[in-house]
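If you're wondering where the values come from, they're calculated on a predicted model, not measured in any experiment. Numbered from 1 within each chain, the chains take letters A, B, ... in sequence-line order.
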2 protein chains.
Amino acid sequence: MLQLRDLPNKAVLDKFSGRYPEADVSAVTAFLHLLRVATDLSAALDSCLSRHGLLQGRWWVLILLMREDQSISTPSVLAEKAGVSRATMTGLIDGLERDGLIARLFDKEDRRRVSIQLTAAGQAKLDEVMPDYYTRLRLCMDSVTEAERDILNTILVKLNAGVSAFSIPNNKTTGIPAVHQAEA
Amino acid sequence: MLQLRDLPNKAVLDKFSGRYPEADVSAVTAFLHLLRVATDLSAALDSCLSRHGLLQGRWWVLILLMREDQSISTPSVLAEKAGVSRATMTGLIDGLERDGLIARLFDKEDRRRVSIQLTAAGQAKLDEVMPDYYTRLRLCMDSVTEAERDILNTILVKLNAGVSAFSIPNNKTTGIPAVHQAEA
DNA sequence: TTGACATAATTAGCTGGCTAATTATAATCG
DNA sequence: CGATTATAATTAGCCAGCTAATTATGTCAA
């Protein structure tokens, strides 16, 4: 994700909105601000996890396993739930297996399948990481009131619905007939 | 950034907050929701830009140049403002130069320095991309009211201040004496 | 029953980020 | 002056994602 160190100030916004009348200044400001803070939060989370020898991808796999009964799942399901490709999940599992945090269990019934199970060491790692993560997150969000959290969620739902606007064909500005974009 | 496809539901949150009393459920929910939506917005922006042959890094360099008088800057300043390393900026500039969107100008005074200038083709590319971007962004944010945008910004400022909580040493949960962490 | 297709996981190779090392040049101080 | 230090950009090589291809296995219908 883009690391926006230098958000536009008033003068820059005026310059751009002068040249591009399509610009909605408060929308641009809020959008860039959101991306910027989310990137910083993500980096901060990484720095917290790395103290425990984890990164977001591997940490999330452990969490997904702990959510399951018996702490068991499969690579393809984990890939889907973590939002990464199966190839990437294979790599994450390789690393976690090497560290003894998860184990591969080969399926006798269907030999294409592999089950992934959290080991005792993996659970112990979570029991070390999660209290630290939760404590820091609580502190991070401390000044955001419950009312603000509710409104934030409301806004995020709206934004999530709006994401599709970025994929809708726009023949006016691209000059490409919409029919061609629809084919792509 | 983590691609959280599967946010925790009530049952999962209860399970985790039962085992880890440090968890603040509404904080966790809002935090993950924010990261999730920001990731989706970032990916959507990429898909918009890629229709014009750009990605976020290269697009942002063009914007940073257009902000400047004469549309000129230097690799090190651009790296700082874009939040990437100088090495990465060298690569971005290589690509943009190859496509003729920017030009390297060698400084006669100080031969270590290189200036980077937006070319006419680069400005033309922005004039093609920005209206499309702004139009889509306006649509994306359409249902978020001005009042909500204000509150969002307020919340983001608070979260930004809270980011440091992730880097504060926490000797209770890590078991590592704070003095050692401070040295690291 | 066997050929075509489907599915699961992995491997191979690409990309864009990073850090550390390198090259070139300038500035400073004994 | 000339050695040391500082600065700017680049190169080299690492890592974590990705897609596409591969391997292995299972399913189904002619």
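A salt bridge links A:Lys10 and A:Asp14; the closest N-O separation between the charged side-chain nitrogens and carboxylate oxygens is under 4.0 Å. Salt-bridge formation is detected for the pair B:Arg5/B:Asp40: a Lys NZ or Arg NE/NH1/NH2 atom is positioned less than 4.0 Å from an Asp or Glu carboxylate oxygen. A salt bridge does not link B:Arg138 with B:Asp142: every distance from a Lys NZ or Arg NE/NH1/NH2 to an Asp or Glu carboxylate oxygen is 4.0 Å or more. Between B:Lys125 and B:Asp99, no side-chain nitrogen of the basic residue sits less than 4.0 Å from a carboxylate oxygen of the acidic one, so the salt-bridge criterion is not met.
Following rounding to the nearest Å, A:Lys108 (NZ) and D:dA24 (P) show an atom-to-atom distance of 19 Å. As rounded to whole Å, 12 Å separates atom P of D:dT25 from atom CZ of A:Phe106. Going from atom CD of B:Glu80 over to atom P of C:dC18 covers 13 Å, rounded to whole Å. Distance CD (B:Gln56) to P (C:dT15): 19 Å, rounded to an integer number of Å. A:Trp60 places its CH2 atom 15 Å from the P atom of D:dG17, with the value rounded to the nearest Å. Rounded to a whole Å, the CG atom of B:Asp94 is 12 Å from the P atom of C:dG17. Between B:Asp46 atom CG and C:dG17 atom C1' the separation is 13 Å, expressed in whole Å. Residue B:Leu49 contributes atom CG, which lies 15 Å from atom C1' of C:dG16 at whole-angstrom precision.
Legend: salt bridge (Lys or Arg N to Asp or Glu O under 4.0 Å) pairs involving residues 151-162 of chain A, not counting sequence neighbours, sorted by first then second residue: A:Lys158-B:Glu148.
Nucleic acid contact class of B:Glu109 (heavy atoms, under 4.0 Å, all strands): sugar-phosphate only. When heavy atoms are screened at a 4.0 angstrom cut-off, A:Arg104 is found touching the sugar-phosphate backbone but no base atom.
Note on B:Ser85: a side-chain N or O is less than 4.0 Å away from OP1 or OP2 of C:dC18. OP1 and OP2 of C:dT7 both lie 4.0 Å or more from every side-chain N or O belonging to A:Arg111.
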Check nucleotides 3-8 of chain D for protein N or O atoms closer than 3.5 Å to its own N or O atoms and list the pairs.
unit_1	atom_1	unit_2	atom_2	d
D:dT7	O2	B:Arg112	NH1	3.0

Heteroatom pairs (N/O) under 3.5 angstrom, protein to nucleotides 13-15 of chain D:
none

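The shortest side-chain heavy-atom distance between A:Val37 and A:Leu41 falls under the 4.5 Å cut-off. Contact of the A:Met130 side chain with the A:Ile63 side chain is registered, since non-hydrogen atoms from C-beta on lie closer than 4.5 Å.
Classified by interplanar angle (parallel below 30°, tilted 30° to 60°, perpendicular above 60°), the ring pair A:Trp59/A:Tyr133 is perpendicular.
Atom CD of A:Glu80 has 12 or fewer heavy atoms from other residues, nucleotides or ligands within 6.0 Å.
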